[in-house]
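The structure appears below as structure tokens.
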Amino acid sequence: MEPRLTAGLRVAALLRRADLEGRAAYVVHRGDDTAGALAVSVVRPGGTVELWAQEYDLSADRRAWVRQAEGTARDIDAAIARRRAADPDLWVIEVELPGQAAVTDLLD
């Protein structure tokens, strides 16, 4: 198994990277510091919200960020609530990005 950074360290790095790029980013739900998974809620101008999470890509043998859902804030909040019910260790970070800014530029 490949060594991985702790969830708390990954969250701190994401928040710092957003800050350096002048983007607002917040911890919405705090998960387990060591092994919690990460989900990122991206708020776009006009009220569109996207939910991103990592999935394991078998062909590339690595974890990749994948858009899980897109919709209104209420839709994404419901999706997050379902995920947190299944995984209470889940971290949820909210990031505000301009219209066409690439989410993956902020994510590791």
Going by heavy atoms in the side chains, are [X] and [Y] under 4.5 Å from each other?
X     : Y      : result
Asp33 : Arg30  : yes
Leu97 : Val43  : no
Leu14 : Val40  : yes
Trp65 : Val103 : no

CA sep, side-chain torsions, deciding dist, call: Leu15, Ile93, side-chain contact (heavy atoms from CB on, under 4.5 Å): CA-CA 8 Å; Leu15 294 174; Ile93 310 302; 4.0 Å; yes
What's the shortest heavy-atom distance between [X] and [Y], and which atoms?
X     : Y     : value
Ala25 : Ala18 : CB-CB, 3.6 Å
Leu51 : Ala39 : CD1-CB, 4.1 Å
Val28 : Glu94 : CG2-CB, 3.6 Å

Residue pair Gln54 / Arg10, side-chain donor-acceptor N/O under 3.5 Å: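 Judged by distance alone, the side chains do pair up.
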With His29, the side-chain contact (heavy atoms from CB on, under 4.5 Å) member among Leu90, Asp89, Ile80: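 Answer to the side-chain contact (heavy atoms from CB on, under 4.5 Å) test with His29 among Leu90, Asp89, Ile80: Ile80.
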Ion pair Glu50/Arg44, N-O distance below 4.0 Å: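 A salt bridge is present here (some side-chain N lies under 4.0 Å from a carboxylate O).
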Expected output: side-chain Trp91 to main-chain Asp32 donor-acceptor under 3.5 Å: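 At least one qualifying donor-acceptor pair exists.
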Donor-acceptor pair, side chain of Asp61 and main chain of Leu58, under 3.5 angstrom: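 Checked: no pair found.
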same_hphob_cluster(Val49, Leu38) at 4.5 Å side-chain heavy-atom cutoff: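 Val49 does not cluster with Leu38.
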Val92-Ile76 co-clustered via ILVMFWY side chain contacts under 4.5 Å: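 Yes, one cluster joins them.
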Any residue meeting side-chain hydrogen bond (donor to acceptor under 3.5 Å, both in side chains) with Glu96, in chain and number order, not counting sequence neighbours: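 side-chain hydrogen bond (donor to acceptor under 3.5 Å, both in side chains) list for Glu96, sorted by chain: empty.
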Asp19: partners by side chain to side chain contact (heavy atoms under 4.5 Å, CB included), with sequence neighbours left out: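 So Asp19 forms a side chain to side chain contact (heavy atoms under 4.5 Å, CB included) with Arg16.
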CA sep, side-chain torsions, deciding dist, call: Trp52, Val66, side-chain contact (heavy atoms from CB on, under 4.5 Å): CA-CA 6 Å; Trp52 290 75; Val66 177; 5.6 Å; no
